[in-house]
Amino acid sequence: MSRAYKIALILKSKSSLPVYKDLAKLSDRELDEQVAALFSRMRANESRVIARMVLRQPTFSLN
């Protein structure tokens, strides 16, 4: 992933990091850490949504 793509990803997310820091001045390591944290938050949110999904009975079965 390029540096520009990582910065764009953070800017498009709901992260408050751009309010407090200039993303262009972050080191590559700090940028990687922020992107990894963003992905882990995304995974955690998805797992909560999936866990709350209502399982519906199928209308037909191919078995």
Side-chain angles (χ1 to χ4, degrees):
M1 220 184 302
S2 71
R3 183 174 176 80
Y5 185 77
K6 290 176 188 176
I7 291 173
L9 190 64
I10 292 172
L11 288 173
K12 288 180 183 179
S13 72
K14 295 180 181 178
S15 173
S16 60
L17 183 68
V19 175
Y20 300 108
K21 292 190 177 190
D22 184 8
L23 297 177
K25 292 182 180 178
L26 288 178
S27 69
D28 288 338
R29 187 175 145 274
E30 289 173 323
L31 201 55
D32 287 340
E33 289 172 357
Q34 292 299 326
V35 170
L38 176 68
F39 284 146
S40 69
R41 285 194 305 273
M42 286 169 59
R43 276 189 215 105
N45 288 341
E46 288 175 1
S47 65
R48 285 188 206 126
V49 169
I50 292 169
R52 290 183 185 153
M53 289 175 77
V54 176
L55 296 176
R56 302 188 189 282
Q57 294 296 326
T59 56
F60 65 92
S61 176
L62 298 176
N63 291 343

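When a residue number appears, it is its place in the shown sequence, counting from 1. Not measured: the values here are computed from a predicted model. Side chains are part of it too, since the values below use all heavy atoms of this structure and drop only hydrogens, waters and symmetry mates.
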Exercise for review: Could you please spell out the steps behind the side chain to side chain contact (heavy atoms under 4.5 Å, CB included) verdict for Ile7 and Leu26?
Suggested key: CA-CA 10 Å; Ile7 291 173; Leu26 288 178; over 6 Å; no
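Of all the heavy atoms in Met1 and Lys6, the pair that sits closest is O-CE, 3.6 Å. Here the closest non-hydrogen pair linking Leu38 and Ser13 is CD1-CB, 3.5 Å.
Residue Met42 holds its CE atom at 7.0 Å from CG of Leu9, rounded to the nearest 0.5 Å.
Residues Val35 and Asp32 have side chains not in contact (no heavy-atom distance under 4.5 Å, counting atoms from C-beta outward).
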